[in-house]
Amino acid sequence: MNKNNKASLILVIITAIVMGLLVILVNNTKAPSSTPTSIPAITEFPTELPTPEPTKVPLPEGFSDVKDYVPDAIIDMRYAGYENFVGRPIPGYEANRAILTTKACTALKEAADTLREKGYKIYIYDAYRPADAVKYFVTWGKDSSDTIKKADYYPDLEKEDLFKMYISSDSNHSRGSTIDLSIVKSDGTEVNMGGHFDFFGEISHTFSTEISAEQLANRKILRKAMEDAGFTASNTEWWHFKLTNQPYTDAFNFYVK
């Protein structure tokens, strides 16, 4: 084989080797498939994710959640928010949840059933009240500079006067069988009770002469249903009812969560 033929052969061999290397390089750098063959591609997506149920903190023995006995009750725990006579959430109220002793829940269910037959459902402002909340009210009462809600809740009284009739340093609410509530119509329409919850003044007295005959009649509807179910009514606060035979005489201090 002459020199020219040998050079041509070598050139062909080198070219073949280079081409082979290029093919290998291209194959090795090729982008992988976006969907691995071992994992099936998602072709359908859920249109709505399930909403988890809120976790309820277990209650002490002998206490129950009002909603378990009166599912259609409207819960508006005022001391868990800002619309109250202090103007801010109160220690011990960490959830919009109405708790009572099981005995009180059973009695309340009877009252709610009676009211439902008349076209009403109950609207709850307060129920069990931790002892720490009561202590907070007392501390608040000693601070004469903290009066941001005076115009709305006690325009004609000074703070120290509230403890003479309306606020107690030893509240029955902390024993778990006292409740503050109103009524609304079955469709949620407000019932005129002649004054709002926790207004400290004569107009809040159940039989006040400052209210209309219709407002008095509405108060009596609530009062009769509660008394027939075993509660004792207050004459100074139309919304306030205590189970006549309370199962506990000592105050509790577990927080509402």
Side-chain angles (χ1 to χ4, degrees), residues 50-84 86 88-118 120-137 168 171-188 190-191 197-198 222-223 225-234 237 239-257:
T51 301
E53 290 291 328
T55 302
K56 289 185 177 181
V57 176
L59 299 171
E61 183 178 357
F63 283 80
S64 297
D65 191 312
V66 169
K67 275 286 194 179
D68 292 335
Y69 286 76
V70 190
D72 63 345
I74 299 174
I75 311 299
D76 183 13
M77 300 293 282
R78 293 297 178 87
Y79 302 135
Y82 291 85
E83 191 49 66
N84 57 61
V86 176
R88 54 186 170 272
I90 306 302
Y93 290 86
E94 299 180 4
N96 186 43
R97 189 180 181 193
I99 306 301
L100 288 172
T101 62
T102 302
K103 184 176 181 181
C105 281
T106 301
L108 183 63
K109 179 184 183 305
E110 180 181 337
D113 289 346
T114 298
L115 289 165
R116 193 179 299 109
E117 292 175 357
K118 297 179 180 295
Y120 303 99
K121 54 186 176 182
I122 61 174
Y123 191 112
I124 300 175
Y125 302 115
D126 193 25
Y128 158 72
R129 180 183 303 167
D132 278 355
V134 178
K135 292 177 183 177
Y136 187 84
F137 289 150
S168 173
S171 175
N172 269 311
H173 279 279
S174 298
R175 296 176 177 85
S177 295
T178 297
I179 186 169
D180 296 335
L181 78 166
S182 183
I183 53 174
V184 296
K185 294 182 180 179
S186 56
D187 62 0
E190 181 182 3
V191 172
F197 167 68
D198 260 1
L222 172 62
R223 185 183 178 106
M226 294 296 285
E227 288 182 333
D228 287 350
F231 288 88
T232 298
S234 166
E237 297 175 333
W239 56 80
H240 181 93
F241 298 88
K242 177 189 73 175
L243 190 67
T244 303
N245 297 313
Q246 298 183 87
Y248 304 115
T249 57
D250 294 329
F252 289 83
N253 196 36
F254 64 90
Y255 280 20
V256 179
K257 300 181 179 181

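The chain is numbered in sequence order, starting from 1.
Going from atom OH of Tyr128 over to atom OG of Ser174 covers 6.5 Å, rounded to the nearest 0.5 Å. To the nearest 0.5 Å, atom OH of residue Tyr79 and atom CZ of residue Arg88 are 13.0 Å apart. Interatomic distance, CG of Asn84 versus CD1 of Ile90, reported as 5.0 Å (0.5 Å rounding). Here OG1 of Thr101 is found 12.5 Å from CZ of Arg175. Values are rounded to the nearest 0.5 Å. Note that the CG atom of Leu100 and the CD1 atom of Ile124 stand 7.0 Å from one another [nearest 0.5 Å]. Put simply, CG on Leu108 and CZ on Phe231 are 5.0 Å apart, with the number rounded to the nearest 0.5 Å.
Taking the side chain as every heavy atom from C-beta outward, Arg97 and Leu59 approach each other to under 4.5 Å. Residues Pro130 and Tyr255 form a side-chain contact, since some pair of their non-hydrogen atoms from C-beta on lies under 4.5 Å apart. For the pair Asn172 and Ser168, the minimum side-chain heavy-atom distance is 4.5 Å or more. In this structure the side chain of Thr178 never reaches within 4.5 angstrom of the side chain of Arg129, judged on heavy atoms. At least one side-chain heavy atom of Phe241 sits less than 4.5 Å from a side-chain heavy atom of Arg223.
Here the closest heavy-atom approach between residue Ser64 and residue Thr102 is recorded as OG-OG1, 2.7 Å. In terms of heavy-atom proximity, Met226 sits nearest to Ala111 at SD-CB, 3.7 Å. The minimum heavy-atom distance linking Leu243 with Gly230 is given by the pair CD1-O, 3.6 Å. When all heavy atoms of Lys257 and Ala95 are compared, the closest pair comes out as C-CB, 3.5 Å. Residues Gly176 and Ala104 come closest through the heavy atom pair O-CB, 4.3 Å. The two residues Gly188 and Lys121 make their nearest non-hydrogen contact at N-CE, 4.2 Å.
No side-chain donor-acceptor contact under 3.5 Å links Lys103 to the backbone of Ser177. Side-chain atoms of Asp132 never come within 3.5 Å of backbone atoms of Asn253 as a donor-acceptor pair (strictly under, hydrogens ignored).
Checked options Val191, Val184, Thr114; the residue passing with Tyr120 is Val191 (criterion: side chain to side chain contact (heavy atoms under 4.5 Å, CB included)). Applying side chain to side chain contact (heavy atoms under 4.5 Å, CB included) to Tyr125 and the options Asp180, Ile179, Ile74, Asp198 leaves one that passes, Asp180.
Applying the side-chain hydrogen bond (donor to acceptor under 3.5 Å, both in side chains) rule to Asp113 yields the partners Lys109, Arg116; only residues at least two apart in sequence or on another chain are considered.
Under a cut-off of 6.0 angstrom, the local environment of NZ in Lys67 is crowded, with over 12 non-hydrogen atoms contributed by other residues, nucleotides or ligands. A 6.0 Å sphere centred on OH of Tyr82 holds no more than 12 heavy atoms belonging to other residues, nucleotides or ligands.
For the residue pair Tyr123 and Asp76, a side-chain donor N or O sits within less than 3.5 Å of a side-chain acceptor on the partner.
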Go through the steps for His240 and His173 under the test side chain to side chain contact (heavy atoms under 4.5 Å, CB included), then give the verdict.
CA-CA 10 Å; His240 181 93; His173 279 279; 3.6 Å; yes
Assess the residue pair Trp239 and Asp126 against the criterion (side chain to side chain contact (heavy atoms under 4.5 Å, CB included)); give the C-alpha distance rounded to whole Å, side-chain angles, the decisive distance to 0.1 Å, and a yes or no.
CA-CA 10 Å; Trp239 56 80; Asp126 193 25; over 6 Å; no
